[in-house]
Asker: 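Starting off with a structure, shown below.
Proteins come first, then strands; the chains are lettered A, B, ... in the order of their sequence lines, and each starts at number 1. What you see is a predicted model; the values in this text were computed from it and never measured.
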2 protein chains.
Amino acid sequence: MSPSLPSGLLGDLDPTSDRAVFRQIADQLREAIDRGRFREGEKLPSEAELVDHYGVSRMTVRNSFSVLQGEGLVHAEHGKGVFVRPRPPVRRLASDRFARRHREQGKSAFIVEADAVGSHPQVDSLEVKEEKASQDVSARLGSVRRVLARRRRYLLDGRPVEFATSYLPLDIARGTQIAEPNPGPGGIYARLEELGHRLDHFEEEIRARMPSPAEVKTLHLAAGVPVIHLIRTAFDTEGRPVEVCDTVMAADAYVLSYQLPAT
Amino acid sequence: MSPSLPSGLLGDLDPTSDRAVFRQIADQLREAIDRGRFREGEKLPSEAELVDHYGVSRMTVRNSFSVLQGEGLVHAEHGKGVFVRPRPPVRRLASDRFARRHREQGKSAFIVEADAVGSHPQVDSLEVKEEKASQDVSARLGSVRRVLARRRRYLLDGRPVEFATSYLPLDIARGTQIAEPNPGPGGIYARLEELGHRLDHFEEEIRARMPSPAEVKTLHLAAGVPVIHLIRTAFDTEGRPVEVCDTVMAADAYVLSYQLPAT
DNA sequence: CTTGCCCACTCGTCTATACGAGTATGCACG
DNA sequence: CGTGCATACTCGTATAGACGAGTGGGCAAG
């Protein structure tokens, strides 16, 4: 038998309303969460308890939960319950993160930055190989057929937060340290500059969308978490695009920050 | 009676698989969409047809659809069917969109840009009023109690794509044309400069998340469409923040583009 | 020909039931 | 004391049925 809910926590249904019952329930739960009646990580009433409280069928309650899941407000754990989704710590990406001065150190920007805020950084899924350039990458790199692709996934405290692929023209990267699993201190941008491609500027394109099933898997995304899709192109001082980096980030783990001149 | 589906369009279920039936159906539909078997705007088989084809119950088929809706791939229209969601035209926001040279003209950046690509722009929900600054806005503007808030919504070809609120310190904006519904040619940035606040740079913070129910309503968002939340702070040459602009954009209608120096 | 209604088809909402599978707890047994 | 199992509670998946409401086409009446 389900114990009854503390009275006053949730209200009653309005049978005269034309708002669907499952939406009314979702509204009440959402409001309770917003007001802090349920805190981050806290367990919501179980399906059975809500069935008793509202006098509706279980599917109706589940429908309410699915609304809240779609909004990214809650997540269900099989065998345990439905919980208010905690807001994970966000990683701030500043627009000067690729400035030359940050490249002096030996470690990669990701590692340095994570260490600074006391997180445990990891990089995995390293893959470096030559492949055919997609139509999009080819266009961005200036009609290149084949490219060197460097794939990796970044984790913070064990949680995957982003994965990225860098594409470089073969005539630049082949046979250099860039084609090695470990590109050496300062990363591939340092190597590019050593190879005579002094970097001039970057162009970043940002989109947001819902993840594909593959992305959900790779980033362990909860329901209702979008991804930020960032495509960066690096140009050298001669105006040639020397790298395209395609990055997919868990949107709940990032804030991007840019500084623009008012010119 | 439901006519049977064209054979070969969709496959069969694998009863030995441990993948849930509704996921298998969603997978097949997703793949068919990705492969172009169903084109943008095209109608998917009705629930009844899929019930017949797969020999499952209607709720199972609906469950599959709800997966695809959550991914933003399809949308349902009551009484008509379920359709592949067309990708709307996107608006590109370049990082120089606030450059002084774009401010010379009389019209606002939004209008000029939309006209350029042949879209029909509109601005509505104009509201200008003094109000108490939220904690966040106050912090960004440097401990300001009350602010002038300018709210508006932008539409392209009748579709709402973004809404924004600008907050300005009262000591700057009160009694000026900035406090009028129509701020005049070049917008509030032009007025700020005339008032002696020469703009130096902007700071933009970007987040992506699922919309609140209020945002769904204001932007007429389909299921599975995230929003891009952009907070811009404008600084004058003395380093004082003179405006905070809080913008919520339909993510499927935007690509943001930034240029960063490699410094 | 036009109007208005009926009907078929569509998705939306809700109920009731059943079984499976993951989790946690307590108790009995070794 | 510790191990392992039974059990109760949780959500996951699926079935079957019912009624409501929006859409569009066809047909009959005017």
Asker: So, A:H53 and A:D12: side-chain donor and acceptor under 3.5 Å apart, yes or no?
Answerer: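 Checked: A:H53/A:D12 side chains show no N/O donor-acceptor pair below 3.5 Å.
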Asker: Can you tell me the distance, in whole Å, between the CG atom of A:L50 and the C1' atom of C:dC14?
Answerer: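 So the two atoms are 16 Å apart, to the nearest Å.
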Asker: Roughly, in whole Å, what's the span from CG in A:L44 to C1' in D:dT10?
Answerer: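 Spelled out: CG on A:L44 to C1' on D:dT10 is 13 Å.
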Asker: For A:F83 and C:dA24, give me the distance from atom CZ to atom C1', rounded to whole Å.
Answerer: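 One finds 12 Å between C1' of C:dA24 and CZ of A:F83, rounded.
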Asker: Return the nearest nucleotide to the side chain of A:A76; candidates are D:dC11, D:dG17, D:dG22.
Answerer: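 Ranking D:dC11, D:dG17, D:dG22 by closest atom to the A:A76 side chain puts D:dC11 first.
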Asker: Can you check the B:R19 CZ to D:dA14 P distance for me, whole Å?
Answerer: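 Atom CZ in B:R19 sits about 11 Å away from atom P in D:dA14.
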Asker: Can you confirm whether the side chains of A:Y54 and A:Q28 place a donor and an acceptor under 3.5 Å from each other?
Answerer: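 There is such a pair between these side chains.
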Asker: With nearest nucleotide decided by heavy atoms, which residue, A:G79 or A:N63, maps closer to the 5′ end of DNA chain C?
Answerer: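 Here A:N63 is the residue nearer the 5' end.
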Asker: Using atom CG of B:D18 as one end and atom C1' of D:dG12 as the other, report the distance to the nearest whole Å.
Answerer: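 Spelled out: CG on B:D18 to C1' on D:dG12 is 13 Å.
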Asker: Could you check which of D:dT13, D:dC11, D:dA21 has an atom nearest any side-chain atom of A:E47?
Answerer: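 Comparing D:dT13, D:dC11, D:dA21 against the side chain of A:E47, the answer is D:dC11.
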Asker: Taking only side-chain N and O atoms of A:S46, does any of them lie within less than 4.0 angstrom of OP1 or OP2 on D:dT10?
Answerer: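 Looking at the OP1 and OP2 atoms of D:dT10, one of them is under 4.0 Å from a side-chain N or O of A:S46.
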Asker: Using atom CG of A:D52 as one end and atom C1' of D:dT10 as the other, report the distance to the nearest whole Å.
Answerer: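 It works out to 14 Å between those atoms.
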Asker: May I ask you to evaluate whether A:T60 reaches the phosphate of C:dT15, defined as a side-chain N or O under 4.0 Å from OP1 or OP2?
Answerer: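 Checking C:dT15 against A:T60, a side-chain N or O does come within under 4.0 Å of OP1 or OP2.
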Asker: Among the candidates C:dT15, D:dA14, C:dG22, find the nucleotide nearest to the side-chain atoms of A:H78.
Answerer: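 Closest nucleotide to the A:H78 side chain: C:dG22.
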Asker: Find the distance A:L13:CG to C:dT13:P and express it as a whole number of Å.
Answerer: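 Going from CG in A:L13 over to P in C:dT13 covers 15 Å.
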Asker: Which comes earlier along DNA chain D counting from the 5' end, the contact point of A:G81 or that of A:M59, where each point is its nearest nucleotide?
Answerer: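 Nearest-nucleotide comparison on DNA chain D picks A:G81.
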Asker: Nearest to the side chain of A:R23 - D:dT15, C:dG22, C:dT13?
Answerer: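 Nearest nucleotide to the side chain: C:dT13.
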Asker: May I ask you to decide whether B:R232 forms a salt bridge with B:E203, counting only side-chain N to carboxylate O separations under 4.0 Å?
Answerer: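 No, B:R232 and B:E203 are not salt-bridged.
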Asker: If we ignore angles and hydrogens, is there a donor and acceptor under 3.5 Å between the side chains of A:R151 and A:S166?
Answerer: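 No donor-acceptor contact under 3.5 Å links the two side chains.
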Asker: Between A:E77 and B:A20, name the one whose nearest nucleotide on DNA chain D is closer to the 5' end.
Answerer: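 Closest to the 5' end, via its nearest nucleotide, is A:E77.
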Asker: Of the candidate nucleotides D:dA21, D:dT23, C:dA21, which contains the atom at the shortest distance from the side chain of B:K80?
Answerer: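 Side chain of B:K80 sits closest to D:dT23.
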Asker: Decide, yes or no, whether a salt bridge links B:E215 with B:R209 under the criterion of side-chain N to carboxylate O below 4.0 Å.
Answerer: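 Yes, charged N to carboxylate O under 4.0 Å.
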Asker: Could you check whether the side chain of B:R58 and the base of C:dG12 have a donor-acceptor pair of N or O atoms closer than 3.5 Å, going by distance alone?
Answerer: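 Counting by modelled atom types and ignoring angles, a donor-acceptor contact under 3.5 Å is found here.
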Asker: Name the closest nucleotide to the B:R62 side chain, picking from C:dC14, D:dT10, C:dG12.
Answerer: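 Selected nucleotide: C:dG12.
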